[in-house]
Amino acid sequence: MLDLVVKVLQQSNMLTHKLPELMPGGFFIAIDVTCQKIIHNPVSARFYRIEAWKSLSSSSSPPPQFKVYHDGRLVRIEDLPIQRATWLGEEVTGEEYELIWPDGISKVGIFNASPLRNDNGEIIGSICTFEDVTQIVHMKRELNAHKLNLQEMIEERTKELKCEFEKRERMEREVAKLERLNVIGQLAAGLGHEVRNPMTTIRGFLQMLQYKPDLIIYKSYFDLMIEELDRTNLIITDFLSLSKNKPAELKQHCLNKLLANLFPLLQADAFSQSKQCIFEPGEIVELDIDPNEINQMVLNFARNGLDAMPKDGCLTIKTFMEGQNIVLSFKDEGIGIKPEDVIKLGTPFFTTKESGTGLGLPMCYSIAERHKAKIEVMTGPDGTTFLVQFPQLKGMNLL
Ligand SMILES: Nc1ncnc2c1ncn2[C@@H]1O[C@H](COP(=O)(O)OP(=O)(O)OP(=O)(O)O)[C@@H](O)[C@H]1O
Ligand SMILES: [Mg+2]
């Protein structure tokens, strides 16, 4: 059947004259074995940006200005389809090449090539057809770029949402923590009052009885009972300070001076445990604080830091400005806090210490709340830093 088609085409000169012109695809032919002369049909000429039936060959000198790429790599002349077909006798099918001109124009085609032989089987040139897929490829690239853009946007938004979610969770935990503190504080305020009165009576009688001559042999027992009562009383005092209703007695103070007064006590504490304590006061503005409460807070943070460190560890206390905030920081070289414990910090009675009551941090959070300050904790295997961020009063100058 194919023979018949060829015969008809040959008889009508169709093959040589009309067919290349009628073909919807690109068509070009190397008419010498050196591939110096390559003639292009109208579709191919448009693709190569030349006039129809003119010669354009990468093998001629000088070669055309466009560069050819295959799979993203620059292609050498001898690796182009028509040259491979003519010089090596190779058949090329369905290979995609991109042509890029110096003015930025890019065209993409899918090429087939086949050598042309004479009756003796010698190669006399080659023929190449191609389909211009520039539009499809460019659209695909644009789509891919959009896809990448979208993916990046989705990833970014997901990250933002995750951050927001974590922030909200943290805030909800903080609120729940403070609410718990308030409930406990209010309960403590009522109970504390009721319990303290009988305790005072008991303490008074114990004190009186311990000096009775016939009870003097029990003096050590009396001392122990009074000590335990005092400890209980202290816990009740701590409890009471958790109450939100406790009025804050805030007065303008210099935080650095307050810390400087307290520092010898902290140093002595550290020294007795063969540890170090450093105080680095920064330039900060005055603050409205309750000095007693801040003292209590500093002692709690400092003692926790010292407790967490092995011998020779160093606790650094600093004050500094961060934007509009006055920051008080406690940095220890301790063992850090386990992630599962970080969320429990500030929960009354949460302690990992044998003799701890777990009221130190709840008190710190409660005091911070009364000072409108925020507590942040950063922890890792190299130690823990607690930051207390006080909001700056309006119109305050640096000290
Ligand atoms: N700087 C720190 N490094 C490591 N763990 C810490 C630090 N500060 C607090 N913690 C952990 O938080 C827990 C609770 O601290 P918190 O001060 O409330 O109670 P406590 O120190 O155990 O007892 P106390 O009531 O005597 O202060 C501690 O038991 C400890 O596990
Ligand atoms: Mg403590």
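When a ligand or atom number is given, it counts from 1 through the structure's own listing order.
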Asp269 and Arg303 ion-paired at < 4.0 Å: yes

Write out the residue and atom name of the closest protein heavy atom to atom 3 (N) of ligand 1, then the distance separating them to 0.1 Å. Ala308 CB, 3.2 Å

Check this for me - ligand 1, Gly336, N or O atoms closer than 3.5 angstrom, yes or no? no

Is the closest basic N to carboxylate O distance between Glu164 and Lys167 below 4.0 Å? no

So, Glu91 and Ser114: side-chain donor and acceptor under 3.5 Å apart, yes or no? yes

Hey, does Tyr365 have a side-chain heavy atom less than 4.5 Å from the side chain of Glu369? no

At under 4.0 Å between heavy atoms, is it the side chain or the backbone of Thr351 that contacts ligand 1, or both, or neither? both

Specify the protein heavy atom at minimum distance from atom 1 (N) of ligand 1: its residue, its atom name, and the distance to 0.1 Å. Asp332 OD2, 2.8 Å

Quick check on contacts: which atoms of ligand 1 are under 4.0 angstrom from a heavy atom of Lys353? 20 (P), 21 (O), 22 (O), 28 (C), 29 (O)

Examine ligand 1 and decide if any of its atoms is less than 4.0 Å from a heavy atom belonging to Phe386. yes

With a cut-off of 4.0 Å, which atoms of ligand 1 are near a heavy atom of Thr352? 28 (C), 29 (O), 30 (C), 31 (O)

Glu280 vs Lys331, test: salt bridge (charged side-chain N to carboxylate O under 4.0 Å, His left out). Steps then yes/no. CA-CA 11 Å; Glu280 293 177 5; Lys331 182 177 185 296; over 6 Å; no

Restricting to heavy atoms, the pick from Leu345, Leu299, Ile337, Asn304 nearest atom 6 (C) of ligand 1 would be Ile337

Has ligand 1 got any nitrogen or oxygen that is less than 3.5 angstrom from a nitrogen or oxygen of Pro362? no

Shared hydrophobic cluster for Leu255 and Phe320 (ILVMFWY, side-chain gaps under 4.5 Å): no

